[in-house]
Amino acid sequence: MSGRLFGAAITRVEDARLLTGTGHYVDDIELPGMLHAAFVRANFAHGRIRSIDKGDALAMPGVVAIYTMDDFADIAQGPMPAMAPHPLLKTPITYHPLSDAEVRHVGEAIAIVLADNRANAEDAAAAVMLDVEYLPAVSDVVLARVANSPTTHSQYASNIAATMKAGFGDCSKVFAKADHVLTEHFDIHRGGCHAMECRGVVANIDLLTDALTISTSSQSPYMVRRHLAAYLKRDENGIRVMTPDVGGGFGPKANVYAEEFAVALAAIKIRRPVKWIEDRQEHFVATTQQRGQIWSLDVAFDNDGRMRAISGHCIHDNGAYAPYGLILPATAIASFPGPYALEALDLTVDVVLTNLVPTSPVRGACRPNVAFLLERLADRIARHLGIDRQDVRQRSFVKADQMPYTTGMKARDGSPISYDSGDYVGALNLVLEKIGASDFETRRKEAKRRGKLRGLGIASCVEDTGLGPFEGASIRVTPAGRVIVATGASSQGQGHRTAFAQIAADALGVELDDVTVETADTAKFPLGISTIASRIAVTAGSSVQLAADKVRAKAITFASHQLEVDEQDLELEAGAVHVKGIPDMKIKLSEIAGALAGSTGVPLPGNMEPDLAATAYFNSNALTFAYGANACEVEIDPETGDIRVVRYVVVHDCGKLINPLIVDGQIRGGVVHGIGNALFERMIYDEQGQPLTTTYGDYLLPMASEMPPIEIHHMETPSPRNPIGVKGAGEGGTIPAAACVISAVEDALGPNGPFISAHPISPQQVVQWLEVAR
Amino acid sequence: MTDQSVTFTLNGQQREAAADPRMHLGDFLRHSLGLTGTHIGCEHGVCGACTVIVDGSPVRSCLMLAVQIDGGTVETVESLGKPGDLSPLQKAFSANHGLQCGFCTPGMLMTLEAFLRTTPAPTEEDVRVAISGNICRCTGYQGIVQAALDTASAKANRT
């Protein structure tokens, strides 16, 4: 694909609104008679609520109602539906909209307070008295897995919610034949998403029709509608869910949350609009988190560094509930074998419940974890053999001439996973060239003269993108000539309106300004899945192309009737269908749309179907595989342990670029997220499950002053698996970044330094390592 | 608590309004005056999303009470350009893809607006330090930094 607009680095149509304070986020919604909600949340990690005393709180100024789960019994009851049921999870482990009695993590919502403003609601929430029987809590995932551990849910005998297995080939045979075997243990830490906009919901009930309207800061508005309809036993036609401007998603906003249900239930109960806006304290204790995993891996390799087989075990920190089923640990398994052509793989993942905030995908899901494991192992092999790190990779990667490459793994439907296209070795060679790896030692020496330890890191990844089943789009040309694109794909800042308008405008021969894109309103488009897993360019982008192709064909058919010219002699250009070679013999799209909108008593030409409009769904039945190679340089101050990432270079291939400006933005933001995981972000809980890092003074996010400029080079290998040749780009920056930074730190610490098998790492840790190495 | 009257200059216009003494300036601007361009990101003074300019200096509106602005001057993102007529800094943000979800953007703009008035010819390092109290989770900061540098150099070339 390429055209006037497809492929062009044009500025975004979203920007003018967002730059002038005229964006419209959920907290900007004001409705007449609206009440403000605050939640009573658990300040303990495990306990049974014996009774709740609302008396004092109800008497406080502005308080209108306080509801617990019991108060909703006439509307709905029981646990929430599972978003992604999995056969290994025999009983879904989902929240109740408000706790049903047993509370399983700090922050779980127990009651909802409705008041005339948020401050009064918060005051009253603090005055609700709980009588609690405290139960033993477990926060350490390794301890939670052992047989005599306290259980996260008192009704379960064990914290192991599921044991997942996957692999291919005969590991024992390959291990027996390989020249070398190493075992390493890894500890990948938990973090959060920290979208700058916290979550938020406004629910409104129409007093005449009883229809429910919900605005929510979500990546999955259609899932909210589907599951809420099931829970309320309403038809989904009576529930409209839409997303206003959403201030970042990064994964956790893809869940359907207890608060979304509780706010809807409260609005139904009180018969008034209800707004709840999560504050940052709540975000730390009630929005899902990610990345906590403990791995033990055996790797078999040959004398030349070729990686041949991996066998591994993972203890996966699931937190207290599994709202998203097993999708997160399943992503860990699906991320193997990365770019490596392995002969055998044998993985076991224990999904373990803890009395902590649940985990669900955060940018990259478990792909950054697996990139960290594989890239660390590659560096480890190089060190063991005394060869260059790139040699291990060049000898172990899937080669370009092996594409499409069947990895040995199976998709969820049992079909073999196959990488569609790409040149992993080429990407690595390019990034080494761009960062100047061949003269790195000069820079290391120069840094040493300044008293700094400089290191070079490398890391590659393969990313499955375009996850199925589908997204869809409809395109309608109005009689005024405006092109209206509607899709179920919600947007959290990715520039979907711009990218989709580029595709539609090219296909219909109109200008960008002629296109309006509407996203994620269940009243405007019937179906949607979720904006997750770097899937929207592939699924929704292809749908826009397919719908536009249909509209184009329809316009040409109409013009053929009207102008009495064969269809093959017509073309669509500059907003009109004209006869090839005779630009003046034309009919405008607006005229075609007007005619197909119908006039009383006038039949449509050729008995055509009315409306210059079409809907298309792209079924993404086979994943597309983006990939990248990163290299970075760090400098360490040996006195303080301070680590500065001073250079960062990305080579990335996400197939055809719809808009390079947007893709570069996705990659840069993603890399910085990964640098945060490597060096800063640390979500600490004590052994009782109390979170200790619930402010941005304690939980450090990457800031501009610590971040390097990020240089990006694209390779563009079109995917053969969709009509526009694209692959996803939303997470490719994050996936190898932590691995790359840690590789550089290890390189800086030198041959006497440690093998680094955990992140984040701190300056204190670096100083200790340097003392040991001395 | 009884509301208190505050008189101040907001985006060049004299305003008088009643404020609950415990209400912070951010909530006051957003919910009492309907200026929803200012965003609330953390309410503990770290993320910088709520930054507005008070008496010429960038201030976290979540850490200041509304009643404290009595007699003062407040500038919010609404005082910059309009959608069809963006300010040079806003244009540079768009040209450099210095925003994605847009939530931190008003705070970034107001921080940089105040910064560029006092530092007309900043280095890249200066800009990075200037916004080191503003968190952006989307962009990786690079487009924002470049937008500030471009704005400064364009202004220098004009004068």
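Lettering follows sequence order; numbering is per chain, from 1. Only this structure's heavy atoms are used, side chains among them; waters, hydrogens and symmetry mates stay out.
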Quick check on the interface: out of [options], who has the most heavy-atom pairs with chain A under 4.5 Å?
options                               : value
B/Cys42, B/Gly37, B/Gly34, B/Pro106   : B/Cys42
B/Asn134, B/Val46, B/Leu86, B/Leu99   : B/Leu99
B/Ser132, B/Cys136, B/Ser94, B/Ala130 : B/Ser94
B/Ser79, B/Gly98, B/Gly140            : B/Gly140
B/Glu43, B/Glu125, B/His31            : B/His31

Notebook entry, point to check: Taking A/Arg668 for the side chain and B/Thr139 for the main chain, is one N or O donor matched with an acceptor at less than 3.5 Å?
Noted result: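 Judged by distance alone, no pair lies under 3.5 Å.
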
Item checked: Donor-acceptor contact below 3.5 Å, side chain A/Arg12 vs main chain B/Gln100 ->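 Side chain of A/Arg12 to backbone of B/Gln100, a donor-acceptor pair under 3.5 Å: yes, one is there.
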
Margin query: Let me confirm one number: the CD-SG distance from A/Glu197 to B/Cys101, rounded to the nearest 0.5 Å.
Written below: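 Between atom CD of A/Glu197 and atom SG of B/Cys101 there are 7.5 Å.
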
Notebook entry, point to check: Does a side-chain N-to-carboxylate-O contact under 4.0 Å join A/Glu681 and B/Arg137?
Noted result: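 Looking at A/Glu681 and B/Arg137, the cut-off is met.
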
Check: Is B/Arg30 salt-bridged to A/Asp27, cutoff N-O under 4.0 Å?
Finding: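 Here B/Arg30 pairs with A/Asp27 in a salt bridge, since their nearest N and O are under 4.0 Å apart.
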
Checklist line | Option passing side chain to side chain contact (heavy atoms under 4.5 Å, CB included) with B/Arg128 (candidates A/Met707, A/Met703, A/Glu706) | finding: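 When side chain to side chain contact (heavy atoms under 4.5 Å, CB included) is applied between B/Arg128 and each of A/Met707, A/Met703, A/Glu706, only A/Met707 qualifies.
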
Note to self: Please classify the contact of A/Pro61 with chain B as side chain, backbone, both or neither, using a heavy-atom distance under 4.5 Å.
What the structure shows: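 Contact with chain B involves no heavy atom of A/Pro61 at all.
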
Notebook entry, point to check: chain B heavy atoms under 4.5 Å from A/Thr695: which part of the residue, side chain, backbone, both or neither?
Noted result: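 Contact with chain B involves both backbone and side-chain atoms of A/Thr695.
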
Next item on the list: Determine the interplanar angle of the A/Tyr696 and B/His44 rings, folded into 0 to 90°, and report it as parallel if under 30°, tilted if 30 to 60°, perpendicular if over 60°.
Entry: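 Tilted: the ring planes of A/Tyr696 and B/His44 meet at 30° to 60°.
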
